[in-house]
Amino acid sequence: MLHTVDDGSLTDEGADLFGLLCQRRGWSDQYLKDIESTEHDELLDLAEMVEALYDARTTGKKITIAPDFDMDGISSGVLGYAGLSELGFDVELHLPDYRRGHELAPEDIAEIHAKWPDTRVLLTCDGGVNSHRGIAAARAMGWITLVTDHHEELAPGSTADITVDPCRIDETYAHTGICGAHVLYQVIEAYTRVHRPEKLWEIHLLRLFAGLGTVSDVMPVLYENRQLVRDAISIARLLHVAAPKTIPNPRGGFDADPDAIEVEQSILMQLLRTEPHHPVFLRTFEGFAIVLRAFAQAGKIRDIGDLDEGFFGFYLGPAMNSPRRTGASLEPCFTVFTAAGADVKLKAAREVIGINELRKQLVITHMEELVTEEQPLAPWVYFSAAYPGMYGLLANRMMELNGHPVVVVNRPAGPDDFVSGSGRAPGWFDIITRLEPHDGVSAIGHQQACGVRVEKAEKLDDLVAVLREATQVAVSTAGPNADLVLGPDPDCDVGLEDLQPLFELVRRTEGLKPFGHGFTAPLVELAIQPLGLRVDRIGSESQHLRLVTRSGLSCLWWNVAEEKFDAIQSLVRRASRNELGTLRFTATLQLNTFRGDTRVQAVINKQINIAA
């Protein structure tokens with residue numbers, strides 16, 4: 001089979017699909033080399049903060065860490081608490097209250113003072129650069145205020161004693177897309193290099209949390225972030241313990257038993273136990289190992305290969321973010337990394353996973369409400385009665401469906417009501433920048449994921465106008481559904497009869513990991529003939545579909561069996577009597593190894609047509 005594709009190149013069954021992918025993505029050899037650079041500037045005032053920490057350490061001043069409440073904030077707080085404890089600081093960790101919003105509030109300062117009245121230094125992480133009221137309250141206590149953040153500094157600027165933030169107004173740091181945990185990590189690592197170089201190995205282990213924050217906060221997986229994420233995955237795998245095979249099965253063998261996992265058998269825990277370390281430091285890594293055990297018990301981790309950037313971004317991050325989405329307590333998210341007892345940690349981890357399951361159900365419920373209730377400002381602005389913490393998730397889902405920026409807000413009762421919510425946007429649209437010229441409408445956070453505030457409901461028209469303009473841009477610049485098109489149709493780059501080119505494509509793209517924001521995994525469009533297609537329901541509750549083509553390509557489609565099984569089966573039956581067009585899906589390709597046999601398989605993202 002030979003095709004001419006849009007860029008004029010010819011492909012056949014033996015084609016270099018990886019080369020074609022790189023050509024279409026603009027991934028030249030030089031580009032792929034450049035994005036691997038880990039070189040970066042020193043953040044402004046980092047050295048000053050290092051010396052302020054040294055003064056606190058040598059004079060015995062108590063430091064209290066005040067983190068944000070999302071996964072990046074949790075990662076930052078745990079990283080700082082473990083790292084400074086290991087380095088000999090007198091340090092405490094404050095539990096944030098997400099009901100107050102992302103900014104540090106005077107109420108936080110009052111709680112810290114009541115619990116730890118001998119606090120003399122406030123250290124924020126993943127927040128604080130614009131927390132003027134909270135910083136003022138801390139300074140009124142006579143505390144030294146140290147801010148580490150990665151959010152955009154707004155005029156007139158931070159009022160803290162020292163601020164380290166790649167998005168400071170006067171900062172020249174080249175790659176501003178680093179997470180809050182990475183900023184604090186750079187501070188602690190710099191301190192260690194200058195004042196405790198013998199502790200660098202221990203501090204480098206905290207890259208686990210900086211990498212986790214990077215993925216969960218959807219930072220670009222480019223430049224220094226790439227090696228950071230790789231290191232985090234490697235450290236996580238050192239905390240993984242395979243489930244022993246102790247459960248008898250009908251075949252006469254034994255199946256894995258996640259309940260029998262002993263976290264102390266992990267390579268890293270065994271290494272850490274050989275030397276004296278601060279209890280807080282040890283608890284942190286024990287906690288992560290217990291989290292992995294809990295996810296294995298929940299069926300989310302089958303083997304060490306499941307621990308990758310996808311686990312961080314699609315399982316662990318969302319689970320740790322679920323309490324603020326649902327109104328549940330945030331305490332288990334910190335307890336799992338800080339409690340003294342392993343049983344307490346495991347209970348906390350299971351509680352977090354349980355809250356996450358509730359969050360999934362709420363997303364389904366509120367998405368149905370968004371598409372069935374009257375939405376006069378759709379498809380740009382949607383009203384929701386969901387818990388405010390859900391708005392970002394709903395906005396992201398609607399953005400994916402619509403292909404352009406979307407904001408989800410509370411429904412106002414009248415034109416003078418204050419309105420707030422969350423916005424999500426593709427990488428080509430900066431919500432915060434685009435809203436700046438409009439009085440009464442503002443956004444704070446990240447350009448593609450931010451909180452949106454509208455002073456009066458009547459100003460929603462201004463918000464809609466900005467997003468509508470973006471929609472027009474999206475339509476005019478819309479590209480293909482995927483990087484490559486695979487199947488028998490005339491527009492396909494290569495057929496599906498020979499799976500070897502696909503195997504080679506996946507094998508070579510696997511070497512480019514990690515994927516994420518700014519460097520996304522390749523997406524293919526599959527054109528599949530219904531004739532000869534095998535359709536199976538799989539999963540513990542038969543909730544998934546597996547489509548197997550005549551050439552043996554297995555295509556997995558998660559959680560759609562109830563909705564799609566009968567329709568696909570009907571198409572397959574009709575295909576034996578009628579001439580039908582192909583089914584079209586977008587999907588990602590991956591390699592799957594079973595009993596020593598490695599094959600390429602597809603994971604379907606969505607269906608983009610229905611066969612005639």
Side-chain angles (χ1 to χ4, degrees), residues 71 75 207-209 211-216 221 228-247 254-263 265-269 285-322 336 346 349-350 352-354 356-357 360 506-507 509-516 520-522 538-541 543-544 546 554-559 587-605:
M71 182 74 262
S75 297
R207 290 173 70 82
L208 167 63
F209 293 94
L212 173 57
T214 297
V215 175
S216 65
V221 187
L228 179 65
V229 172
R230 288 194 188 102
D231 290 347
I233 293 168
S234 296
I235 297 165
R237 290 180 175 184
L238 291 175
L239 288 165
H240 173 265
V241 177
K245 294 185 177 182
T246 59
I247 301 176
F254 293 88
D255 293 329
D257 180 12
D259 291 337
I261 291 174
E262 295 288 346
V263 299
Q265 293 179 4
S266 70
I267 293 173
L268 184 53
M269 289 309 300
F285 292 99
E286 179 191 56
F288 196 94
I290 288 173
V291 166
L292 298 184
R293 178 187 177 189
F295 272 97
Q297 292 170 331
K300 304 304 182 184
I301 299 176
R302 296 165 300 175
D303 55 51
I304 197 169
D306 291 334
L307 290 180
D308 59 10
E309 64 271 28
F311 173 73
F312 287 173
F314 296 113
Y315 291 105
L316 182 52
M320 290 292 177
N321 284 328
S322 61
V336 73
L346 183 59
R350 289 171 173 168
V352 169
I353 292 173
N356 192 44
E357 292 303 311
K360 292 178 183 178
V506 179
R507 184 184 64 80
T509 54
E510 287 280 314
L512 299 180
K513 283 187 171 184
F515 293 114
T520 56
I538 61 173
S540 59
E541 301 176 2
Q543 70 273 37
H544 311 306
R546 178 174 58 203
S554 181
C555 306
L556 307 178
W557 201 0
W558 306 125
N559 299 307
T588 55
L589 299 177
Q590 58 184 217
L591 297 180
N592 178 53
T593 300
F594 181 69
R595 294 182 178 177
D597 183 23
T598 300
R599 298 185 180 185
V600 64
Q601 68 181 19
V603 177
I604 294 174
N605 175 268

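Numbering starts at 1 and runs along the sequence shown.
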Can you find a pair of side-chain heavy atoms, one from [X] and one from [Y], that are under 4.5 Å apart?
X    : Y    : answer
L307 : F295 : no
P318 : N356 : yes
L239 : L208 : yes
L316 : V215 : no
I353 : K300 : no
F254 : P244 : no
E309 : I233 : yes
D259 : Q297 : yes

Return the [atom1] to [atom2] distance between [X] and [Y], rounded to the nearest 0.5 Å.
X    : Y    : atom1 : atom2 : value
Y315 : D308 : OH    : CG    : 10.0 Å
R546 : W558 : CZ    : CH2   : 9.5 Å
T214 : R207 : OG1   : CZ    : 9.0 Å
F311 : L212 : CZ    : CG    : 9.0 Å
D303 : T593 : CG    : OG1   : 9.0 Å
L292 : I301 : CG    : CD1   : 4.5 Å

Does a sphere of radius 6.0 Å around CZ in R237 hold more than 12 heavy atoms from other residues, nucleotides or ligands, not counting ones at 6.0 Å or beyond?
->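 Yes, the 6.0 Å shell around CZ holds more than 12 heavy atoms from other groups.
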Pair M269-V263, side chain to side chain contact (heavy atoms under 4.5 Å, CB included): steps then yes or no | CA-CA 8 Å; M269 289 309 300; V263 299; 5.5 Å; no
How close do [X] and [Y] get, heavy atom to heavy atom, and via which atoms?
X    : Y    : value
F312 : G211 : CD1-O, 4.4 Å
A294 : A349 : CB-CB, 3.7 Å
T588 : P522 : CG2-O, 3.9 Å
A602 : A587 : CB-CB, 4.2 Å

Evaluate salt bridge (charged side-chain N to carboxylate O under 4.0 Å, His left out) for K360 paired with E357, printing each intermediate quantity in order.
-> CA-CA 5 Å; K360 292 178 183 178; E357 292 303 311; 3.2 Å; yes
Run through E262, Q265, R293 and flag the one making a side-chain contact (heavy atoms from CB on, under 4.5 Å) with V241.
-> Q265
Verdict with reasoning, M320 to V352, per side chain to side chain contact (heavy atoms under 4.5 Å, CB included) | CA-CA 7 Å; M320 290 292 177; V352 169; 4.2 Å; yes
So H544 and N559, side chain to side chain contact (heavy atoms under 4.5 Å, CB included) or not? Walk me through it.
-> CA-CA 5 Å; H544 311 306; N559 299 307; 3.3 Å; yes
Using modelled atom types only, decide if a donor and an acceptor are shared between the side chain of D257 and the backbone of I247 within a distance under 3.5 Å.
-> no
